Amino acid sequence: MINILKLKKIGIIVYLFAGFLTLPSFAADDIDIKTQAYALYNTNNGTEALKLLNNLPLDKKDEEVFVIIANIYEDRKDTDKAVENLNKALIINPEYYKAYYNLGCIFLEKKAYGLAEKNLLLAIKYNKEFPYSYYNLGTLYLRTGNYEKAKKNLIKAIYLKNDDKDFYLNLAYAYKFLNKEKESKKMLEIYNGAQKAEEK
């Protein structure tokens, strides 16, 4: 049985703290609460982060807040509440790629491939430079047997981010299923080289 790699979830520290630069003008206390909540979440204290974020008034909750709340629920395996909060993020900002991306990942894990594909394509529509949307779409196509589409999306992921070894492993699978043994072997060599470098 093929062990296609797990999904890539949006890195909270990198992507969400970057969002502080473009936050709407909230009161200083609200920003403080959000900063504290994000810090708590990033130190694996989701329960306390959730308390803080739930205490924010509704008009102070932006799309980033709802994505964090969704991530906390997803960590708790409560995907219904995660989906509910991601949809709230999209009500605030219907072009918010992070919410579509996380929805795509949730549906992919649930093997709801049609919904996963729809949401990952929307994530790409609203941010063509985020490599993990292509990676997870490629993973979806590997799982559903559309190896040519898998290959194209994984190549795009590597074009955008060439230092993630997992991209190369899944591309090796895609080439293998397309009977392109030479290309598959080359991708495996890159993956193995990166793996060895990490182990040093």
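All values reported here derive from a predicted model rather than from experimental measurement.
Taking a cutoff of 4.0 Å between a charged side-chain nitrogen and a carboxylate oxygen, Glu183 and Lys186 do not qualify as a salt bridge. Salt bridge annotation for Lys98-Glu64: present, with a cationic side-chain nitrogen under 4.0 angstrom from a carboxylate oxygen. With respect to the salt-bridge test (charged N to carboxylate O, under 4.0 angstrom), the residues Glu84 and Lys88 qualify. With respect to the salt-bridge test (charged N to carboxylate O, under 4.0 angstrom), the residues Glu198 and Lys165 qualify.
Taking all atoms of both residues into account, the shortest heavy-atom contact from Leu53 to Lys61 is O-CE, 3.0 Å. The minimum heavy-atom distance linking Ala89 with Val67 is given by the pair CB-CG2, 4.3 Å. Considering all non-hydrogen atoms of both residues, Asn136 and Cys105 come closest at ND2-SG, 3.4 Å. Listed here is the closest heavy atom pair of Gly104 and Leu120: CA-CG, 4.0 Å. What you find for Tyr134 and Lys128 is that their closest heavy atoms are OH-O, 3.0 Å. The two residues Leu50 and Ile72 come nearest to each other via the heavy atoms N-CD1, 3.9 Å.
Among Glu109, Glu74, Lys110, the single residue meeting the side chain to side chain donor-acceptor pair (under 3.5 Å) criterion with Thr79 is Lys110.
Residues Tyr100 and Asn127 have side chains that never bring a donor and an acceptor to within less than 3.5 angstrom of each other. Counting only N and O atoms by type, the side chains of Asp75 and Tyr41 include a donor and acceptor under 3.5 Å apart. Counted by atom type alone, Tyr141 and Glu117 present one or more donor-acceptor pairs between their side chains at under 3.5 Å.
Note on ring orientation: taking the six-membered ring where Trp is involved, the planes of Phe177 and Tyr173 are parallel (angle under 30°, cut-offs 30° and 60°).
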Working note: Phe167 + Tyr132, criterion ring-ring contact (aromatic ring centres under 6.0 Å, His included); need CA distance, chi angles, decisive distance, verdict.
CA-CA 9 Å; Phe167 293 3; Tyr132 294 103; 5.5 Å; yes
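There is no path of hydrophobic side-chain contacts, each under 4.5 Å, that joins Ile91 to Tyr126.
Pairs of residues two or more places apart, or lying in two chains, that qualify as salt bridge (Lys or Arg N to Asp or Glu O under 4.0 Å) and include a residue from residues 144-156 are Glu148-Lys151.
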